[in-house]
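Single-structure report; data block below.
Throughout, a chain's letter reflects where its sequence line sits, starting with A, and its residues are numbered from 1. None of the values given here were measured: they were computed from a predicted structure.
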Amino acid sequence: MYRTATTMKNDEILRIEAKWRTRWEADRAAFVDTAEPAGEGTYLLVMLPYPSGDRLHVGHARTYFLTDALHRFLRQTGVTVFCPMGWDAFGLPAENYAIQKGIHPRTSTLANIAAMKEQFRSWGVLYDWTKEVTTCEPEYYRWNQWFFLKLFEKGLAVRKKAAVNWCPSCLTVLANEQAEGGVCDRCKTPVVPRELEQWFLKITDYAERLLDGLDTLDKWPEKVVTMQRNWIGKSTGADLDFAIPSLSASVRVFTTRPDTVFGATALILAPEHALVPRLLEGHPKKAGLEAWVASVRSQERIVREAEGAEKDGRDTGRTAINPFTGREVPVWLANFVIAEYGTGALMAVPAHDTRDFEFAKKYGIPIVKVIEPEREEKKEEFLRKKEGTGDFLRREEGEDGAVSECYTGEGRLVASGPFSEMSSSSAREAIAAEAGRRGIGGPRVRYRLRDWLISRQRYWGTPIPMIHCEKDGWVPVPEKDLPVVLPPDAPFTGKGGNPLEKVASFVNTTCPTCRGPARRETDTMDTFVDSSWYFLRYIDPRNSRAPFDPNLVREWAPVDQYIGGIEHAILHLLYARFFTRILKDLGLVTFEEPFSALFNQGMITRLSPAGRVEKMSKSRGNSVSLDQLIAEKGADAVRAFVLFLGPPEKDAEWSDEGISGPERFLWRVRGAVERFLQTGADPEARPAKADTPAARARHIAVKKVTEDFRAFSFHTAVAHLMELLNHAASLLGDAGADAGETATTLRTLVKLLHPIAPHLSEEMNERMGGKKSLLVSGWPEFDPALAEMETASIAVQISGKVRAELSVRRGSSEKEVVTAAEGNPAVARWLEGKQRVKTIWVQDRLLNIVVK
RNA sequence: GCGAAAGUGGCGGAAUUGGUAGACGCGCAAGGCUCAGGACCUUGUAGCCCUUACCGGCUGUGGGGGUUCGAGUCCCCCCUUUCGCACCA
């Protein structure tokens, strides 16, 4: 059958790519592996991928193409680069797959890894596979267990009872970070609260250090830093105790506004508060109240925290004493009070807090004004503006015609006993200090961040190395007994909880302390533990005596450039920062911040069947098969197109037709080289003259492409490569052109192209007489003087309007250009009969003659 | 509601110490080569107007105002979109 030009072209491209893939594998030393740590170099890292059974599609490719382009560029410029790859191999999908299909998680995971590795191979991405890490292997996870023991020793791994997020679909608990917005991070099922005893890592002890470190991350996206800062959520204020005489007890509240305490007209507790059962004791409607408490407590978080959720409360009938006014205030329970924040109780100041105001209006709680804006005009201003200052004023007219106001700004205290007339800020300090003196609280800093819940009621994860003994309680597994190996067989029924519980040989053990019978912990660790330190294991992956050799780690870490998606802004990146601090405290590393620079690439989007432009994903039905595209057009074209799509930090919409541009470009590069070779000229020839327009175009291209790569501006790098090809093509079409210039332009083009299209560039390099891989052939240098046009194109404006362009020698003086401009008919026309007011001259760029 | 980023041809996007807006590519159009072409090559392509043609003119970077010889870029107000946070006391 007769072959079309298209299939011939594709066959040739695919032949070239296959050839180079083979070459790379045959000679890893020259093309792939990086040097051993040598004290200098760049540690380039991609976020650890999870080997799911699904093939990676176009939507996933950007991170890897981007990293590889950067990797190759740096290697070409002579930098030693460490760029490893491994697998986040534990995870829920593998276990669910086992339940559905009866295939063991380990079997499917290892098969997925092999498949994914093969995909990477077909993309031409370079990784140092000699440093591969697989987190589900005992050689790796034993160190998770080792770290856990160290944390336990230091009191940073604790077992405590708490209301936790339970995902009814995954049948496991989730860390707060994984239940953001009240839905499960993985399956989006609304989580429900559950009171359970679980293992936590005390990340809250590190809140201040995690916050401080954010200030040093100047090479992180501002957005991620802000998100982490909000997540840690530091607030400065005071703790205050409200006594409840009828119970001979007191309730501690936290407030950021102790200056408003004289306006606190109610004490409101979360339904989860420990004192609630005692408060309800003896209440005439106890049963009804208890039912209400139970219903609020079992509500899905997504419902309870929903926007505009109705404030719902109940009066306990008890009273507390405002410690500053000495007056009785009612004790309420309300759904909006969060048990885990602060003390799970708050003082309501309706006159100066919009939320309390709303609650007070609904339930008739008194509103007592204790802060007066500094000036009346200011108050009116707030009323008008209502925003922009952070202060706020709300004015409402009640049914009885009485006007009530809520002012949340700063001001001067009134009706506040000895504190009256003080400013908000000094009163805050004075009242907090007074509380401290009286032993009823005092100044206090609190964080929104909560401890990291790491227990998971699942099989496929790192066993938590703890043993429970009736006599000795929770006893850590002795270090010498590590790893606690996950038993190979477990019943994956999908019913009745964690399969590990049913493995008697695993569960039944002896207590390390008393040698009596004991039970092993069957919960496994959150997989984010695995990814919290993997970047250090890459450096020393086969160490069997320690998680890593601190000396080797000192050579490479911290990671110089980390690349990954924004979805890990607060999960993985916060945990990894926390772990690094622990490792520092253990004396294993010398730094606190694991990732010096972070880059978040944007998602690839595409129109989905639902008619919206959405993130490309298999489940949305808008994914494009990378395997198929590569089999058809070759990896280089796909790489070039994905990088050409747009600024890598922004989302980019996939277009099915768009790939033809980069595809044509690469084919034209090959065409230009072949055409040149057919002329019989020496491909290694040098230009006869240095200072020619062609040489200048070449130097400009080198300059721009180099700067683009350094700035992660891959899309403009491709554009500038296209321009350089157009120059080469016109040299080829010009019979009078210097063959040395043409050859040099082509060789330069091929070198610059390598980070984008490694296969084709290596082939073209070889065709042009290159003896070594482009990875070690050096990066073209440019002469800054030559990288400027010889002639300057001057825009001549008359009163700010461009009337002519003059091509003059670079460095021409104002006088020369003015004379030239006057001689230009297009300019002269506008000058005729006008009076010159002034002249603006920008060297080599512009001349503006202002007339009237 | 709060915070951040963004808004440029039919499309993706270039260009911001203020200095020739639309690089590069897609799409489209015309021509060439072809039995043919979803291949390849060449040329054109912001809009409007004038002109036989050449030359030329006006408008134009979400809207309105301002600073400046000159604004996509700086300042003020407004609109829209996306993202993040959101009863955190």
Any side-chain N or O of [X] below 4.0 angstrom from OP1/OP2 of [N]?
X	N	value
Arg355(A)	rA86(B)	no
Arg304(A)	rA86(B)	no
Ser235(A)	rA89(B)	yes

TODO: Describe the nucleic acid contact of Arg446(A) in one word from base, sugar-phosphate, nothing, applying a heavy-atom distance below 4.0 Å.
DONE: nothing

Open item on the list: Over all strands shown, is Val337(A) touching base, sugar-phosphate only, or nothing at heavy-atom distances under 4.0 angstrom?
Closed with: base

Open item on the list: From the set rC88(B), rC24(B), rA14(B), return the single nucleotide nearest to any side-chain atom of Tyr341(A).
Closed with: rC88(B)

Open item on the list: Which nucleotide wins on minimum distance to the side chain of Arg448(A), given the candidates rG25(B), rG13(B), rA86(B)?
Closed with: rA86(B)

Open item on the list: For rG56(B), does the O4'-C1'-N9-C4 or O4'-C1'-N1-C2 angle fall within 90° of 0, making it syn, or is it anti?
Closed with: anti

Task: Counterpart base for rG3(B), defined by Watson-Crick or G-U wobble contacts under 3.5 Å - done: rC83(B)

- [ ] Please determine, for rG31(B), whether a Watson-Crick or G-U wobble partner exists with both distances under 3.5 Å, and give it or none.
- [x] rC41(B)

Task: rU73(B) versus rG65(B) - spacing of their P atoms, nearest Å - done: 14 Å

Open item on the list: Assuming nearest nucleotide by heavy-atom distance, tell me which of Gly344(A) and Lys223(A) is located more 5' along RNA chain B.
Closed with: Lys223(A)

Task: Spacing of Met603(A) atom CE relative to rU82(B) atom P, expressed in whole Å - done: 13 Å

Open item on the list: Under a 3.5 Å distance rule, please check whether Asp356(A) uses its side chain to pair with a backbone N or O of Val349(A) as donor and acceptor.
Closed with: yes

